[in-house]
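Counting starts at 1 for both ligands and their atoms, following the listed order. This structure is a prediction, so every number in the text was calculated from the model and none was measured.
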Amino acid sequence: MRIYHKIPELKEYIAFQKAKWRSVGLVPTMGFLHEGHVSLIEKSASENDLTVVSIFVNPTQFGPNEDYETYPRDFEADSQAARNAGADILFAPPPDEMYPDGYGTYVYVEGLSDLLCGKSRPDHFRGVASVVCKLFNIVTPDRAYFGQKDAQQLVIIGKMARDLNMGVKIIGCPIIREEDGLAKSSRNTYLSSDERKRAAALCRSLYRAQEMVQAGQRNAGIIHDAMIQTLKEASPDLIDYVEIVNADTLQPVELLAGRVLIALAVRFGQTRLIDNIVLEV
Ligand code: AMP
């Protein structure tokens, strides 16, 4: 596995590979890799000649009081995990390689970025779309792999790629979970053992919603209230939101029909966790 920290060297190597008609898959991450990331890397490695994994804790997607400084980082363990999963290239630029002095261009995907997580994290998706756009320009991937774990991010990147004719195929991958159902996340390491146990309430409430839909319930308000009740049993420190929306437009639905995304964000202690489920109704 080749490791690059600088953009020009990486671009040169990828141009050389593409001249030989090698297909390129990209897996963008913020590092501290776990089985969720590994599943994306393995999928890319199975579908492309060359898999690029980027590790970049992107400052522009963190709010002023968020965890940019304390976000977990472990470059040695990450390079091992990426190599074992089948990555050919690891791209880990320092912040000033991506945002040199005088940097000033951002991508904002209208109509989607201010919903769900965007309500409490107003600049988050502008930072995400901008850095992913930059990574697409640097790596020129044929395919890029994103987890359904970050459902809103996946919808936003898909729209950005279509709207800006980026010519990269965006591939969504299923959520990888712990044994008790908690979605794997680098931020789970912040949880105390008590918070960790209580955090399983996120997926419990999603499963409860799924069972209600399977039993014929279509009323979003009733499902929403049952989910809140399940969450409250675990005494969360904050329920940021529980929303039932159209999976493509992210607009709220009152009666469930078609592809529906049920998404939530909940804080245990200082740790904000997200999870979701997509139902075909
Ligand atoms: P992150 O490093 O948290 O920015 O995540 C990098 C990529 O991995 C994103 O596309 C995430 O959606 C994806 N990802 C994170 N956690 C999981 C998970 N538990 N299952 C599947 N994909 C995940």
For this session: Please check if the side chain of D88 supplies one atom and the backbone of M1 the other of a donor-acceptor pair under 3.5 Å.
Result: no
Exercise. Are R187 and D67 close enough for a salt bridge, meaning some N to O gap below 4.0 Å?
Worked result: yes
Exercise. Less than 6.0 Å separating the ring centroids of F75 and H5?
Worked result: yes
Exercise. Quick one: which of R177, R204, K149 gives a salt bridge (Lys or Arg N to Asp or Glu O under 4.0 Å) with D275?
Worked result: R177
Could you go through ligand 1 and note, for every N or O atom, any protein N or O atom closer than 3.5 angstrom, writing the atom names and distance to 0.1 Å, or 'none'?
| unit_1 | atom_1 | unit_2 | atom_2 | d |
| --- | --- | --- | --- | --- |
| ligand 1 | 2 (O) | M30 | N | 2.9 |
| ligand 1 | 2 (O) | H37 | NE2 | 2.9 |
| ligand 1 | 5 (O) | H37 | NE2 | 3.4 |
| ligand 1 | 10 (O) | G147 | N | 2.9 |
| ligand 1 | 12 (O) | G147 | N | 3.2 |
| ligand 1 | 12 (O) | G147 | O | 3.2 |
| ligand 1 | 12 (O) | D150 | OD2 | 2.6 |
| ligand 1 | 16 (N) | K184 | O | 3.4 |
| ligand 1 | 19 (N) | I176 | O | 2.9 |
| ligand 1 | 19 (N) | K184 | N | 3.4 |
| ligand 1 | 19 (N) | K184 | O | 2.9 |
| ligand 1 | 20 (N) | I176 | N | 2.8 |

For this session: Supply the atom-to-atom distance N58 CG to M98 CE, rounded to the nearest 0.5 angstrom.
Result: 7.0 Å
Exercise. Do you know which of E12, K11, E97, E9 makes side chain to side chain contact (heavy atoms under 4.5 Å, CB included) with Y4?
Worked result: E9
